[in-house]
Amino acid sequence: MIGTRLYRVILVIVLYALASSSAFAEARLENFRIGVDGNRTRIVIDLNEKIAFKYFTLADPYRVVIDLPALTWQQDMRLPAWKGLVKNLRFGLFSTDVMRVVLDATGPVSVSKMFLLEPSAGFNYRLVIDLETSSETAFRAAIDARRAAEGASPAPEVEPSAPLRSAEKPRNSKPVIVIDAGHGGVDPGAHGRKAREKDVVLAFAREFAAALRKSGNYEVHLTRDRDIYIPLRERVNIARRHDANLFISIHADAIERKNVRGMSIYTLSETASDKEAAALARQENRSDIIAGIDFGNQPSEVTNILIDLAQRETKNLSVKFANTVVNKMDGKTQLLDRTHRFAGFRVLKAPDVPSVLIELGFLTNPNEEKLLVSSKWRKSVSAALKEAVDRYFNSLAANS
C-alpha cells in the first residue's frame with residue numbers, strides 16, 4: 001500500500017515537472033556568431049526555440065534592425081569581435097514584447113537572405129542573416145519603399161498629449177514627480193570598466209523613488225522600472241500624462257579623460273553652456289538612433305507661440321530646482337566644476353513640466369565608478385536629492 005502511494009506521488013511530481021518545463025520554458029537568445037565569406041557577412045543568432053522575426057534598414061547612420069519576440073538571455077554573454085560589414089551590435093528589450101537587435105553597418109548594405117534553421121548537427125535553432133554591400137541609391141530606395149508600404153505618419157517631436165497648464169499644481173494635492181532612468185534595453189548608454197549606465201541609473205532611480213515615496217509627500221512615477229527601452233519623446237510624454245510638477249532624468253557620464261569626476265545638472269537651453277555640454281547633449285540625443293528608431297518624415301519640433309510662452313515659466317522653475325540641487329549636494333558627493341550647465345537635451349523639452357537632467361558622475365573614472373555602483377552611495381545621494389526636492393516645493397508653497 002505504501003509502495004503504491006509513493007509511486008503515485010512520484011508519478012505526479014514527474015508529470016508536473018515535465019509539464020512545467022515545457023509550458024513555462026522561456027524563449028532564449030543563446031549566442032551571436034559572425035563570419036565573412038568574400039563580400040558576404042553572415043550573422044548567426046543561436047536560439048532555444050522557433051521564433052518569428054522581421055527586419056528593416058535605416059540610414060544616417062547605416063543600420064540593420066532586427067525585431068524578435070521578447071527573449072531572455074545571459075546577462076554576461078560575450079559578444080564576438082565584429083568584422084566584415086558589421087562594426088558594432090546592440091541588443092535588448094525595445095518594448096514589453098519585442099527584443100531589438102541593431103547592427104551598425106560599415107556602409108549601405110542589403111539583407112540578401114534571412115531565414116531560420118531547424119535544429120541539426122548538434123545546433124539548436126539558428127536565425128541566419130546574410131549581408132551584402134549595396135549602392136547608396138538602392139539602400140535608400142529600399143527604405144523609402146518600406147516607409148511608403150507602412151504608410152507611417154510619425155508623431156511630432158513634442159506631442160501636446162495633455163493641455164498646456166501652469167507648471168504648478170493646485171494646493172492640497174501632492175506634487176507629482178516623474179523620475180527618468182536614462183537609456184535601457186537595446187540602448188546601454190555609457191560604459192565604465194564593468195558598469196553600464198542603464199543599470200547604474202535604474203538602481204539609483206529606484207532608490208530615489210523609494211526615498212520620495214517613504215516621505216508620503218509626493219506622487220512618484222518612473223518612466224521605466226526595468227531594463228527596457230523608452231524613446232526620448234515618450235519619456236517626455238509620460239511626464240505630461242501624469243501632469244508632473246517635476247521631471248528628473250538620471251544619467252551617468254563617460255569621457256576620455258579618466259581623471260574627470262563629479263556630479264553635474266543640466267537645464268534646457270538651445271545653446272549649450274560649453275563644448276563639453278554640447279557634446280554630451282549630442283551624444284544623449286542619439287539614444288533613439290542607437291535603438292533603431294525610424295525618423296523618416298518626422299516633422300520638426302513644435303514651435304508655436306503658446307508653447308514658447310509656457311516654456312519660459314517652465315525654464316525658470318527648472319533653473320530654480322537645479323540651483324537647489326547644487327546647494328544640497330555640496331559636501332554630499334563630488335561636484336563637477338560649473339555644476340549647473342545648459343544644453344539642448346530632448347528629454348528636457350516638455351513645455352509645461354520643469355525638467356532637469358542629472359549626471360551622477362563619470363563611469364570612466366575608476367574611483368567614481370565604484371561609488372556609482374555602491375548601495376551606500378546611492379542611499380546617501382538619494383536622501384540629499386530628496387531634501388532638495390523638499391526645499392524646492394516648500395519654497396514654491398511659501399511664495400504662492
### Query
Are Leu47 and Phe123 co-members of a hydrophobic cluster defined by side-chain heavy atoms under 4.5 Å apart?
no

### Query
Salt bridge check: are Arg140 and Asp60 linked by an N-O gap of less than 4.0 Å?
yes

### Message
Ignoring hydrogens, what is the shortest heavy-atom contact between Ser135 and Ala138? Give both atom names and the distance.
### Response
OG-N, 3.0 Å

### Task
Please report the C-alpha distance between Ser395 and Lys320 in whole Å, then the side-chain angles of each, then the deciding distance to 0.1 Å, and finally whether the side chain to side chain donor-acceptor pair (under 3.5 Å) criterion is met.
CA-CA 10 Å; Ser395 174; Lys320 180 182 179 72; 3.0 Å; yes

### Message
Nearest 0.5 Å, please: how far is CG in Leu385 from OG1 in Thr333?
### Response
11.5 Å

### Query
Measuring from Phe91:CZ to Met99:CE, what's the distance to the nearest 0.5 Å?
6.0 Å

### Glu219 and Ile177: CA distance, side-chain angles, deciding distance, side chain to side chain contact (heavy atoms under 4.5 Å, CB included) verdict
CA-CA 6 Å; Glu219 179 185 327; Ile177 300 171; over 6 Å; no

### Query
Between Glu26 and Arg28, does at least one N-O distance fall below 4.0 Å, as a salt bridge requires?
no

#### Entry: Polar side-chain atom of Asn365 near backbone of Glu368 as donor-acceptor pair, under 3.5 Å
yes

### Task
Kindly work out whether a path of hydrophobic side-chain contacts (I/L/V/M/F/W/Y, heavy atoms less than 4.5 Å apart) joins Val111 to Val44.
no

### Query
Ignoring hydrogens and geometry, is there a side-chain-to-backbone donor-acceptor pair from Arg235 to Ile230 under 3.5 Å?
yes

### Query
Within a strict 4.5 Å, meaning less than it, do heavy atoms of the Asp180 and Ile250 side chains meet?
no

### Summary
Interatomic distance, OG1@Thr41 vs CG@Leu85, rounded to 0.5 Å, equals 3.5 Å

### Query
Between Ile66 and Arg100, is any pair of side-chain heavy atoms under 4.5 Å apart?
no

### Message
Please check: side-chain N/O of Thr339 versus main-chain N/O of Leu336, any donor-acceptor pairing under 3.5 Å?
### Response
yes

### Query
So, Arg391 and Glu387, do they make that salt bridge, N to O below 4.0 Å?
no

### Message
Within the 4.5 Å heavy-atom criterion, are Ser249 and Phe247 side-chain neighbours or not?
### Response
yes

### Query
Is a side-chain donor or acceptor of Arg224 paired with a backbone partner of Ala181 at a separation under 3.5 angstrom?
yes

### Query
Within a radius of less than 6.0 Å around CG of Asn39, do more than 12 heavy atoms belonging to other residues, nucleotides or ligands occur?
no

### Query
Is the backbone N or O of Tyr125 less than 3.5 Å from a side-chain atom of Glu118, with the two atoms forming a donor-acceptor pair by type?
no

### Proximity of Phe342 and Tyr266 rings by center, below 6.0 Å
no

### Task
State yes or no: do Val36 and Ile45 share one hydrophobic cluster built from I, L, V, M, F, W and Y residues joined by side-chain heavy-atom distances below 4.5 Å, directly or via other members?
no

### Message
Grouping I, L, V, M, F, W and Y whenever their side-chain heavy atoms are under 4.5 Å apart, do Val64 and Val128 come out in a common cluster?
### Response
no

### Query
How many angstroms lie between atom NE2 of His242 and atom OG1 of Thr223, to the nearest 0.5 angstrom?
9.5 Å

### Message
Strictly distance-based, threshold 3.5 Å: is any side-chain N or O of Glu359 a donor or acceptor partner for the main-chain N or O of Asp253?
### Response
yes

#### Entry: Short side-chain donor-acceptor distance under 3.5 Å, Arg126 and Ser120
yes

### Message
Looking at Ser318 and Thr267, would you say the former's side chain and the latter's main chain have a donor-acceptor pair under 3.5 Å?
### Response
no

### Query
So if you build clusters from Ile, Leu, Val, Met, Phe, Trp, Tyr with side-chain heavy-atom gaps below 4.5 Å, do Ile129 and Leu117 land together?
no

With a cut-off of 3.5 Å and sequence neighbours excluded, list every side-chain donor-acceptor pair involving residues 194-204.
residue : atom : partner : partner atom : Å
Arg196  : NE   : Asp199  : OD2          : 2.9
Arg196  : NH2  : Asp199  : OD2          : 3.0
Glu197  : OE1  : His183  : NE2          : 3.2
Glu197  : OE1  : Ala190  : N            : 2.7
Glu197  : OE2  : His183  : NE2          : 3.3
Glu197  : OE2  : His251  : ND1          : 3.2
Glu197  : OE2  : Ala252  : N            : 2.9
Lys198  : NZ   : Gly185  : O            : 2.9
Lys198  : NZ   : Asp227  : OD1          : 3.3
Lys198  : NZ   : Asp227  : OD2          : 3.1

### Query
Which is it for Glu234 and Tyr229 under the side chain to side chain donor-acceptor pair (under 3.5 Å) test, yes or no, and what are the steps along the way?
CA-CA 10 Å; Glu234 177 58 17; Tyr229 177 76; over 6 Å; no

### Query
Do NZ/NE/NH1/NH2 and the carboxylate oxygens of Arg206 and Asp225 come within less than 4.0 Å?
no

### Query
Which value, rounded to the nearest 0.5 Å, describes the distance between Asn323 atom CG and His340 atom NE2?
6.0 Å

### Query
Counting only N and O atoms by type, is there a donor-acceptor contact under 3.5 Å from the side chain of Lys174 to the main-chain atoms of Val220?
no

### Task
Report the C-alpha distance between Leu58 and Arg146 in whole Å, list the side-chain angles of each, state the deciding distance to 0.1 Å, and finish with yes or no for side chain to side chain contact (heavy atoms under 4.5 Å, CB included).
CA-CA 10 Å; Leu58 291 173; Arg146 174 184 60 80; 3.7 Å; yes

### Query
More than 12 non-hydrogen atoms from neighbouring residues, nucleotides or ligands closer than 6.0 Å to NZ on Lys332, yes or no?
yes

### Query
Is a side-chain donor or acceptor of Ser382 paired with a backbone partner of Lys379 at a separation under 3.5 angstrom?
no

### Query
Distance only, no hydrogens: is a donor on one side chain within 3.5 Å (strictly under) of an acceptor on the other, for Asn245 and Tyr392?
no

### Residue pair Val86 / Ile43, side-chain heavy-atom distance below 4.5 Å
yes

### Considering all heavy atoms, the nearest Thr314-Asp352 contact
OG1-CA, 3.3 Å

### Query
Does any N or O in the side chain of Ser355 come within less than 3.5 Å of the main-chain N or O of Val353, such that one atom is a donor and the other an acceptor?
yes

#### Entry: Stepwise side chain to side chain contact (heavy atoms under 4.5 Å, CB included) check, Glu30 with Asn48
CA-CA 7 Å; Glu30 297 183 331; Asn48 73 327; 3.4 Å; yes

### Message
Can you tell me how far apart CG (Leu372) and CG (Leu363) are? Round to the nearest 0.5 Å.
### Response
5.5 Å

### Query
Between Arg63 and Asp104, does at least one N-O distance fall below 4.0 Å, as a salt bridge requires?
no

